[in-house]
Asks: 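Here it is, the structure in full.
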Amino acid sequence: RHPLATFFHLFFRVSAIVTYLFCDWFSNSFVACFVTILLLLSFDFWSVKNVTGRLLVGLRWWNQIDEDGKSHWVFEAKRVPTIAASTEAEARIFWLGLIICPVIWTMFFFSTLFSLKLKWLALVIAGISLQTANLYGYIHCKLEGQKTVSRVTSRLFGTADIPKRQNRRISDGTEEHGKTGTR
């Protein structure tokens with residue numbers, strides 16, 4: 001249902017990784033490569049956080065600062081099933097992209113560290129940070145959504161169960177009265 005969102009969910013992530021891998025082939029300028037990859041990572045962070053997460057899986061997170069200057073993280077999940085908002089394939093693409101890319105950037109971290117290409121280390125750490133922040137936010141959204149669903153379900157069944165218990169008590173009392181003939 002959202003092919004453009006699905007495309008851009010993967011486009012910026014994969015472009016940043018491919019550019020990191022092959023940037024030396026296309027340009028000798030470290031600064032140009034650094035800025036290009038950082039821009040792709042930033043575009044990815046923004047698009048995943050603000051657009052694709054909401055469209056593909058019905059999840060959203062943000063940080064808000066209250067009047068006292070305290071930071072509050074807000075994790076939100078749609079109450080309607082996400083199948084209505086997107087397809088199962090889109091949800092799988094979303095979660096696979098969200099999980100696999102931080103793993104790839106972590107592998108880049110170790111390869112950069114062990115090959116002593118320390119000038120790239122800041123960029124790889126930025127990649128890990130941005131990718132992991134989105135992963136962390138969406139995992140919390142998913143968990144909050146499941147907690148909310150379980151709370152709503154328990155409230156629904158809890159309140160629906162109380163009248164049933166009362167009806168049983170009333171019917172039990174009526175039966176007893178029926179046996180004695182006072183009905």
Asks: Is Lys49 positioned over the aromatic face of Trp62, cation under 6.0 angstrom from the ring centre and no more than 45 degrees off axis?
Replies: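 No, Lys49 and Trp62 do not form such a contact.
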Asks: Please evaluate residues Arg13 and Val48 with respect to the criterion side-chain contact (heavy atoms from CB on, under 4.5 Å), reporting the C-alpha separation (whole Å), side-chain torsions for both, the decisive distance (0.1 Å), and the verdict.
Replies: CA-CA 10 Å; Arg13 291 175 172 266; Val48 170; 3.8 Å; yes
Asks: Does the ring center of Trp61 lie less than 6.0 Å from the ring center of Tyr136?
Replies: no
Asks: In Å, rounded to the nearest 0.5 Å, how long is the span from CD1 of Ile139 to CG of Leu59?
Replies: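 Taking CD1 in Ile139 and CG in Leu59, the distance rounds to 11.0 Å.
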Asks: Between Arg54 and Glu76, does the side-chain contact (heavy atoms from CB on, under 4.5 Å) criterion hold? Intermediate values first, please.
Replies: CA-CA 9 Å; Arg54 184 175 45 85; Glu76 183 178 270; over 6 Å; no
Asks: Using distance alone, with no hydrogens and no angle criterion, decide if His72 and Asp66 have a side-chain donor and acceptor under 3.5 Å apart.
Replies: yes
Asks: Please confirm whether the backbone N or O of Phe94 pairs with a side-chain atom of His9, one donor and one acceptor, at under 3.5 Å?
Replies: yes
Asks: Please report the shortest heavy-atom distance between Thr132 and Pro102, naming the atom on each side.
Replies: OG1-CB, 4.1 Å
Asks: Please answer: with hydrophobic residues joined when any side-chain heavy atoms are less than 4.5 Å apart, are Val103 and Ile17 in the same cluster?
Replies: no
Asks: Under a 3.5 Å cutoff, is there a donor and acceptor pairing between the side chains of Thr112 and Tyr20?
Replies: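 Tyr20 and Thr112 do have a side-chain donor-acceptor pair below 3.5 Å.
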Asks: Quick one: closest heavy-atom pair of Ala16 and Leu41, and the distance?
Replies: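 Closest approach of Ala16 to Leu41: CB-CD2, 3.9 Å.
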Asks: Compare every heavy atom of Ala32 with every heavy atom of Ser27, then report the nearest pair and how far apart it is.
Replies: OG-CB, 4.3 Å
Asks: When rounded to the nearest 0.5 angstrom, what distance separates OG in Ser42 from CG in Leu130?
Replies: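 Spacing of OG (Ser42) from CG (Leu130) equals 6.0 Å.
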Asks: Going hydrophobic residue to hydrophobic residue with side-chain gaps under 4.5 angstrom, can you get from Leu121 over to Ile104?
Replies: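 Same cluster: Leu121 reaches Ile104 through Ile, Leu, Val, Met, Phe, Trp or Tyr contacts under 4.5 Å.
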Asks: What pairs meet the disulfide (SG to SG under 2.5 Å) rule with one or both residues in residues 87-140, with sequence neighbours excluded?
Replies: none
Asks: Looking at Phe43, I'd like to know if its CZ atom is crowded, meaning that more than 12 non-hydrogen atoms belonging to other residues, nucleotides or ligands lie closer than 6.0 Å.
Replies: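 No, not enclosed.
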Asks: Report yes or no: does Gln64 contribute a side-chain atom to a donor-acceptor pair with the main-chain N or O of Trp73 at less than 3.5 Å?
Replies: no
Asks: Supply the atom-to-atom distance Leu123 CG to Thr36 OG1, rounded to the nearest 0.5 angstrom.
Replies: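 OG1 of Thr36 is found 10.0 Å from CG of Leu123.
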Asks: Quick check, are the ring centers of Phe12 and Phe8 under 6.0 angstrom apart?
Replies: yes
Asks: Of all the heavy-atom pairs spanning Ala133 and Phe45, show the shortest one and how long it is.
Replies: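 Heavy-atom minimum between the residues: CB-CE1, 3.9 Å.
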Asks: Kindly say whether Thr6 contributes a backbone atom to a donor-acceptor pair with the side chain of Glu90 at under 3.5 angstrom?
Replies: no
Asks: Counting only heavy atoms not in Asn28, do more than 12 sit closer than 6.0 Å to its CG atom?
Replies: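 Counting neighbours around CG of Asn28, 12 or fewer heavy atoms of other residues, nucleotides or ligands fall under 6.0 Å, so no.
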Asks: Apply the ring pair (Phe, Tyr, Trp, His ring centres under 6.0 Å) test between Trp120 and each candidate in Phe108, Phe30, Phe34; give the one that qualifies.
Replies: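 It is Phe30, the one option of Phe108, Phe30, Phe34 that forms the ring pair (Phe, Tyr, Trp, His ring centres under 6.0 Å) with Trp120.
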Asks: Hey, is the main chain of Asp44 close enough, under 3.5 Å, to the side chain of Ser47 for a donor-acceptor pair?
Replies: yes
Asks: Is the ring pair Phe11/Phe7 parallel, tilted or perpendicular, if the boundaries are 30 and 60 degrees?
Replies: parallel
Asks: Got Lys142 and Trp95 here, is their nearest side-chain heavy-atom distance under 4.5 Å?
Replies: yes
Asks: Closest approach of Gly97 and Leu10, non-hydrogen atoms and distance?
Replies: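 Taking every non-hydrogen atom into account, CA-CD2, 4.2 Å.
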Asks: Is there a path of hydrophobic side-chain contacts, each under 4.5 Å between heavy atoms of I/L/V/M/F/W/Y residues, joining Ile128 to Leu118?
Replies: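 In one cluster with Leu118: Ile128, yes.
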Asks: Can you list the steps and then say if Val74 with Asn63 is a side-chain contact (heavy atoms from CB on, under 4.5 Å)?
Replies: CA-CA 6 Å; Val74 181; Asn63 184 1; over 6 Å; no
Asks: Please answer: with hydrophobic residues joined when any side-chain heavy atoms are less than 4.5 Å apart, are Leu135 and Leu143 in the same cluster?
Replies: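 In one cluster: yes.
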Asks: Taking Ile93 as the starting point, is it possible to reach Leu96 by hopping between hydrophobic residues whose side chains are less than 4.5 Å apart?
Replies: no
